[in-house]
Amino acid sequence: GFLQFPNARCTGLQVRASQAVHRRFYSVFAAWGRLLSRRPWLIILVSLCAAVLASTKLLLSFGGDGLPYQSNGDKLWVPEDAEASKDQESFDAAFNPTGAFTR
């Protein structure tokens, strides 16, 4: 068989579906490997172009003020419209936080 399943509980349908998926992955990666082996410089060039395109904002930021910087964990990880943000604003208004943990 194409794939061997030691588990006796696998049905014929599961085996056939798994083999079909495996064959598809194999054929896609084999085609990708053939393309890489035939045209390596094209793949390198396309990869470089994609990397430069993806980092355009980073490259453009060196001439100006740079990328925006945020170190407040609440603003980094909690969406502004989340219930937790609204609750935090209510808490801060009610208790007027001071000391080492002020935001």
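- The side-chain contact (heavy atoms from CB on, under 4.5 Å) test applied to Thr56 returns Leu53, Leu60, not counting sequence neighbours.
- Distance alone, capped at 3.5 Å, is enough to place a donor-acceptor pair between the Ser55 side chain and the Ala51 backbone.
- In this structure, Tyr26 and His22 have parallel ring planes: the angle between them is below the 30° cut-off, well short of the 60° mark.
- In this structure, the side-chain contact (heavy atoms from CB on, under 4.5 Å) partners of Val78, at least two apart in sequence or on a different chain, are Ala82, Ala84, Ser85.
- Not counting sequence neighbours, the partners of Leu13 by the side-chain contact (heavy atoms from CB on, under 4.5 Å) test are Thr11, Arg16.
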Side-chain atoms of residues 28-47: list all donor-acceptor pairs with protein atoms under 3.5 Å, sequence neighbours left out, distances to 0.1 Å.
from	atom 1	to	atom 2	distance (Å)
Ser37	OG	Gly33	O	3.3
Ser37	OG	Arg34	O	2.9
Arg38	NE	Arg34	O	3.2
Ser47	OG	Ile43	O	2.8

